[in-house]
Amino acid sequence: MTVKAFGTEAKDKDLELMQIERRDVTATDIEIEILYCGVCHSDLHTARNDWGGTKYPSVPGHEIIGRITRVGENVTKFKVGDLAGVGCLVDSCRECESCKKDLEQYCLNGSVGTYNGKDQFLGGHTFGGYSEKVVVDEAFGLHIPENLDLKAVAPLLCAGVTTWSPLKHWSVKEGSKVAVVGLGGLGHMAIKLAKGLGAEVTLFSRSPDKIQDALDLGANAVIISTYENEMKAAKGKFDLIIDTVPYDHDINPYISTLAVDGTLVLVGYIGKMEDALFTPPMIGGRRSVAGSVIGGIKETQEMLDFCGEHNILPEIEMIKMQDINQAYERMLKSDVRYRFVIDMQSLKN
C-alpha cells in the first residue's frame, strides 16, 4: 500500500511530503495507524548523513505510538484497536546468541532498524515513523500502558530505553549513586528513571542555568563540571555515570568521580573521541568506560511497564509534521525541553 510520509531525497535537502510503500500484512504482522512520533537526534543525523551510509529517500522516526488497524491471521499478542508502539528495531535474526538473550539490539547477524535498515519484504530500505502507517512483525511490537498520556509516550521508545538499559544492566537500585552527564532528551530521562529506581541522582552540567531544571526533574544535586572544587569534592562517589552528550567531549574529568568498580557508560555519542583516556584513575580504582545502545524488545517492554506503574514520562513539545525542518534546527541549538513529538494527525491535513 502507498501512504503519506515526510522524508528527504538528499542530505542537503529539507524533509518534505512524499509517498512511500508499506508491505501488506503478513500472517504475523500488525498494521499500526501512527498517532504520535518522537523526534530523535538520530533522525537528524540520518537525514543529513552525518554518520554516513544513509539510504535515500530517507524517512526517519523510531519512536512510534499508534493504534492497531489490522492483524495477521497468526497474531496472538495484539488485536485490532490495541495501542501499540514500535521503537528502534523492526527485526533481527532471532537465532544468534544475542537474540536468544533478548538482546536484539546486539544481533550478531545485524538487527533491522526501523528506518535505513534492510527491508526484507519489499527490498530496498526501511522507512520510519514520519508516516501514516507502519507494518511490523508482532514480535517487535510493544504494548503501551493505558494510563499513560499517549502524547508523551513516544520518546520512551528510544530516549527512555537508551537510559533504562544501562541502569538495569549495572544493577541500579535503592541507594545507588548515579550521575548523568548532559541534560537533554536522554539526560532528563536518565534522571527520571534513575530516581524511579530509588537512586541518588546527580547531574553534571557545564551550565549553572540547568540547576533548577535538573532539581525539578528529580535530581538530588547538580555539579558544575567546570568548577574544579565541585569536581574534586565528588571524587570516588558514583557507582554509575550515564554520559548522554551527543558530541565529542573529554570524559577524563568524570572518571575520577567514579567509585571503585564504578562505570561510565556512553550512550549519546557515536564516533571518534579526540582526547585519549587517561588510565591512572581507571587502573587505580578498577573503574570502567563502557558503551550501550537502546535495548531489546523484552527490556523495552519492561521499561514501558515500569513507567506505567510509576507514571514516568518525558517532558515534550508537540509539533506538526510540517514543522520538522524548523525542529531540527532548534535541536541543533538545544532549543527544546526536552523532546519534540509530532502529532501525526497533521500529516493528514
Side-chain angles (χ1 to χ4, degrees), residues 5 20 22-23 25-26 28-32 34 36-43 45-47 51 53-55 58-66 68 72 75 77-78 83-131 133-144 153-166 168-169 185-186 189 267-268 270 291-305 307:
I20 61 170
R22 292 293 193 194
R23 71 177 185 259
V25 173
T26 70
T28 58
D29 280 342
I30 54 176
E31 177 190 272
I32 301 171
I34 301 173
Y36 302 102
C37 187
V39 181
C40 176
H41 262 280
S42 300
D43 299 351
H45 290 312
T46 300
W51 296 331
T54 297
K55 303 174 183 70
S58 175
V59 176
H62 58 200
E63 299 175 346
I64 299 168
I65 299 295
I68 295 178
V75 168
K77 285 176 58 180
F78 298 92
L83 293 172
V86 179
C88 302
L89 303 176
V90 292
D91 210 350
S92 69
C93 81
R94 314 189 203 191
E95 296 176 353
C96 71
E97 289 306 306
S98 292
C99 288
K100 288 177 183 176
K101 295 175 183 175
D102 297 310
L103 297 172
E104 298 93 347
Q105 75 272 35
Y106 303 123
C107 176
L108 299 177
N109 294 306
S111 56
V112 180
T114 303
Y115 58 81
N116 210 55
K118 184 178 179 181
D119 191 325
Q120 300 174 57
F121 293 85
L122 300 178
H125 57 280
T126 54
F127 295 120
Y130 295 4
S131 56
K133 294 183 179 183
V134 66
V135 177
V136 64
D137 190 290
E138 67 166 337
F140 287 79
L142 296 153
H143 292 279
I144 308 302
V153 172
L156 293 176
L157 302 182
C158 179
V161 74
T162 294
T163 49
W164 173 263
S165 188
K168 295 301 288 184
H169 180 74
L186 292 173
M189 283 311 309
V267 299
I270 299 174
S292 178
V293 68
I294 55 172
I297 300 302
K298 181 180 179 182
E299 191 169 50
T300 305
Q301 189 64 61
E302 289 172 350
M303 178 271 308
L304 285 168
D305 294 343
C307 289

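Keep in mind that this is a model prediction, so the values were computed, not measured. Numbering starts at 1 and runs along the sequence shown.
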**Student:** Applying side-chain contact (heavy atoms from CB on, under 4.5 Å) between L157 and each of L89, V86, L304, I294, report the one that passes.
**Tutor:** L304
**Student:** Mind checking whether H169 and E299 have side chains closer than 4.5 Å, heavy atoms only?
**Tutor:** no
**Student:** I'd like to know if the side chain of T54 and the backbone of W51 have a donor-acceptor N/O pair within less than 3.5 Å.
**Tutor:** no
**Student:** Decide yes or no for T26 and F121: does some side-chain heavy atom of the first lie under 4.5 Å from some side-chain heavy atom of the second?
**Tutor:** yes
**Student:** Would you find a donor on one side and an acceptor on the other, under 3.5 Å apart, between the side chain of T126 and the backbone of K118?
**Tutor:** no
**Student:** Flag the pair V112 / F140 as yes when at least one side-chain heavy-atom distance between them is below 4.5 Å, and no otherwise.
**Tutor:** no
**Student:** Is T114 reaching over with its side chain to a backbone N or O of G87, donor-acceptor style, under 3.5 angstrom?
**Tutor:** yes
**Student:** Can you name the nearest heavy-atom pair linking R23 to L122, along with the distance?
**Tutor:** N-CD1, 3.6 Å
**Student:** Taking the side chain as everything from C-beta on, heavy atoms only, tell me whether S58 gets closer than 4.5 Å to T46.
**Tutor:** yes
**Student:** Can you list the steps and then say if S111 with E104 is a side-chain hydrogen bond (donor to acceptor under 3.5 Å, both in side chains)?
**Tutor:** CA-CA 6 Å; S111 56; E104 298 93 347; over 6 Å; no
**Student:** Any heavy-atom pair between the side chains of M189 and P155 that's under 4.5 Å?
**Tutor:** no
**Student:** Are the side chains of D102 and I297 in touch, meaning some heavy atoms are under 4.5 Å apart?
**Tutor:** no
**Student:** Where do G61 and C37 come nearest, in terms of heavy atoms and distance?
**Tutor:** CA-SG, 3.7 Å
**Student:** Of all the heavy-atom pairs spanning E31 and V25, show the shortest one and how long it is.
**Tutor:** CB-CG2, 3.8 Å
**Student:** Check M303 against L156 and note the closest heavy-atom contact, atom names and distance.
**Tutor:** CE-O, 3.0 Å
**Student:** Roughly how far apart are I20 CD1 and F127 CZ, rounded to 0.5 Å?
**Tutor:** 5.5 Å
**Student:** Taking only residues two or more places apart in sequence or in another chain, which ones pass ring pair (Phe, Tyr, Trp, His ring centres under 6.0 Å) with Y36?
**Tutor:** none
**Student:** Please determine whether the number of non-hydrogen atoms from other residues, nucleotides or ligands lying under 6.0 Å from atom NZ of K101 exceeds 12.
**Tutor:** no
**Student:** Considering only heavy atoms from C-beta outward, does the side chain of Y106 approach that of C96 to under 4.5 Å?
**Tutor:** no
**Student:** Taking D119 first and then K55, would you say they form a salt bridge - that is, a charged N and a carboxylate O separated by under 4.0 Å?
**Tutor:** no
**Student:** For H45 and I270, what are the C-alpha separation, side-chain angles and deciding distance, and is it a side-chain contact (heavy atoms from CB on, under 4.5 Å)?
**Tutor:** CA-CA 11 Å; H45 290 312; I270 299 174; over 6 Å; no
